[in-house]
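Every number for a ligand or one of its atoms is a count from 1 in the order of the listing. Just so it is clear, the structure is predicted and the values come from calculations on it, not from any experiment.
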Amino acid sequence: MKRGLLVIISGPSGVGKGTVRKYFEKKEELNLVYSTSMTTRKPRNGEVNGKDYFFVSREEFLKAIDNNELLEYAEFVGNYYGTPISEVNRLRDEGKNVLLEIEVQGAKQVQEKCPDAISIFIIPPSLEELEKRIRGRNSEPEEIVQQRLSKAEKELKLVNQYKYIVCNDDPELAASLIETIILRNIEIEENK
Ligand code: 5GP
């Protein structure tokens, strides 16, 4: 059996990575499984432990780093985020394609460790629209909103690091473009 593909979706906070993902992740032909990350951030309203994230303490996260349990990790606006490696390997060994939805520092680490990963960067139609989306979540104090926005401006400069760039003007359209990218890569892999 062929090993599953590793798909990285990255892009600034608030660009709609999660919203776009919801449109394509259930498509059976993609054979795609979302890798749940670990974070020290507190859950937002409605977020479920083990599904949206594994919510852990700083001590637990640092222990996971020490034990080499993470494929990548990064500090983002005061919290740690990382990808548990064992689940990614298990799923790929079973032939499933694995989706990572991560920020840019983590994406860079994965690209270095797994050069055959398919990397997709989602950009917003404009910075004004990005700000509107971040504020629309209404979940964070002004200081954090400002930090996320200034981080986003820096992250957008790293667009060249990615193989594919998709603009999220309309989430359904962005999702169908991503679906096409993944399907084409599955086809290429099958014909190797
Ligand atoms: P949020 O707090 O909005 O859920 O996530 C903040 C940022 O961290 C987002 O850009 C999100 O994609 C990213 N992120 C989520 N999980 C991971 C992860 O496992 N590793 C890295 N490097 N970034 C992550």
Side-chain angles (χ1 to χ4, degrees), residues 6-22 24-25 33-58 60-65 67-89 91-92 98-114 117 119-124 127 130-159 161-162 165-166 168 171 174-175 178:
L6 190 57
V7 182
I8 307 169
I9 304 256
S10 193
S13 157
V15 79
K17 299 189 287 285
T19 313
V20 170
R21 164 164 64 89
K22 294 210 165 60
F24 67 79
E25 70 173 344
V33 187
Y34 173 62
S35 155
T36 304
S37 297
M38 193 185 270
T39 185
T40 58
R41 167 167 80 58
K42 296 277 165 286
R44 293 191 187 118
N45 259 348
E47 282 184 331
V48 178
N49 190 24
K51 183 170 168 272
D52 296 288
Y53 282 107
F54 295 107
F55 295 100
V56 299
S57 66
R58 221 177 150 82
E60 284 171 293
F61 200 100
L62 294 175
K63 208 165 132 202
I65 298 175
N67 293 341
N68 286 323
E69 289 168 19
L70 301 176
L71 171 62
E72 59 74 35
Y73 70 92
E75 197 164 1
F76 183 93
V77 191
N79 281 298
Y80 281 116
Y81 296 80
T83 303
I85 197 166
S86 58
E87 199 56 6
V88 171
N89 284 340
L91 291 164
R92 290 186 73 195
V98 176
L99 175 68
L100 308 183
E101 187 193 304
I102 59 180
E103 55 67 69
V104 295
Q105 304 164 70
K108 188 145 192 253
Q109 294 167 38
V110 180
Q111 285 169 313
E112 278 161 14
K113 285 187 190 164
C114 317
S119 58
I120 304 168
F121 193 68
I122 305 186
I123 57 167
L127 274 178
L130 187 70
E131 176 163 359
K132 219 160 88 189
R133 289 181 196 171
I134 292 179
R135 290 191 185 285
R137 286 207 288 229
N138 254 341
S139 61
E140 281 157 337
E142 181 60 23
E143 190 194 339
I144 302 287
V145 169
Q146 289 301 334
Q147 286 178 30
R148 283 188 184 255
L149 280 170
S150 88
K151 188 112 186 158
E153 285 194 47
K154 291 189 193 109
E155 290 181 331
L156 284 168
K157 298 200 175 101
L158 300 176
V159 64
Q161 188 182 304
Y162 296 83
I165 300 154
V166 172
N168 179 20
I178 292 175

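- Checking Glu140, Lys151, Glu72 against atom 21 (C) of ligand 1, the nearest heavy atom belongs to Glu72.
- Between Phe61 and Tyr80, the ring-plane angle classifies as parallel under the 30° and 60° cut-offs.
- When only interatomic distances are considered, the shortest N/O to N/O separation between Pro12 and ligand 1 does not fall below 3.5 Å.
- Residue Arg44 touches ligand 1 through its side chain alone, judged by heavy-atom distances below 4.0 Å.
- Annotation for ligand 1: atoms under 4.0 Å from non-hydrogen atoms of Gly82 are 18 (C), 19 (O), 20 (N).
- Ion pair Arg44/Glu140 flagged as a salt bridge, since at least one NZ, NE, NH1 or NH2 atom sits closer than 4.0 Å to an Asp/Glu carboxylate oxygen.
- Within 6.0 Å of atom CZ in Phe76, more than 12 heavy atoms from other residues, nucleotides or ligands are found, so the atom counts as buried in its surroundings.
- Contact atoms of ligand 1 toward Gly106: 22 (N) (distance under 4.0 Å to a heavy atom of the residue).
- The structure places OH of Tyr81 at 11.5 Å from CD of Glu101, a figure rounded to the nearest 0.5 Å.
- Among all non-hydrogen protein atoms, the one lying nearest atom 9 (C) of ligand 1 is Lys17 NZ, 3.8 Å.
- Ligand-side atoms of ligand 1 in range of Phe76: 6 (C), 7 (C), range being under 4.0 angstrom from any heavy atom.
- When the heavy-atom distances from atom 4 (O) of ligand 1 to Tyr53, Tyr73, Tyr80, Tyr81 are ranked, the shortest goes to Tyr53.
- Checked for salt-bridge contact, Arg135 and Glu131 meet the test: a charged N lies under 4.0 Å from a carboxylate O.
- Contact between Gln105 and ligand 1 is absent, with no heavy atom of the residue lying under 4.0 Å from the ligand.
- Taking all heavy atoms of Ser35, Ser37, Ser13, Gly14 into account, the minimum distance to atom 16 (N) of ligand 1 is reached by Ser37.
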* Please assess Leu71 against Leu100 for the test side chain to side chain contact (heavy atoms under 4.5 Å, CB included), listing each intermediate value before the final yes or no. => CA-CA 11 Å; Leu71 171 62; Leu100 308 183; 4.1 Å; yes

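- Close contacts of ligand 1 with Arg41, meaning ligand atoms under 4.0 Å from a residue heavy atom, involve 1 (P), 2 (O), 4 (O).
- Between Ile85 atom CD1 and Lys113 atom NZ the span is 6.0 Å, to the nearest 0.5 Å.
- Atom 13 (C) of ligand 1 has as its closest protein heavy atom Glu103 N, 3.6 Å.
- Interface atoms of ligand 1 facing Thr83, defined by a heavy-atom separation under 4.0 Å, are 19 (O).
- Taking a 4.0 Å cut-off on heavy atoms, Arg148 registers as neighbouring ligand 1.
- Of the residues listed (Glu143, Arg148, Glu142), the one engaging Gln146 in a side chain to side chain donor-acceptor pair (under 3.5 Å) is Glu142, and it is the only one.
- Salt bridge Glu47/Arg41: present, at least one basic N to carboxylate O contact under 4.0 Å.
- Here the closest heavy-atom approach between residue Pro124 and residue Leu156 is recorded as CD-CD2, 3.6 Å.
- Look at Gln109 and you'll find every heavy atom at least 4.0 Å from all atoms of ligand 1.
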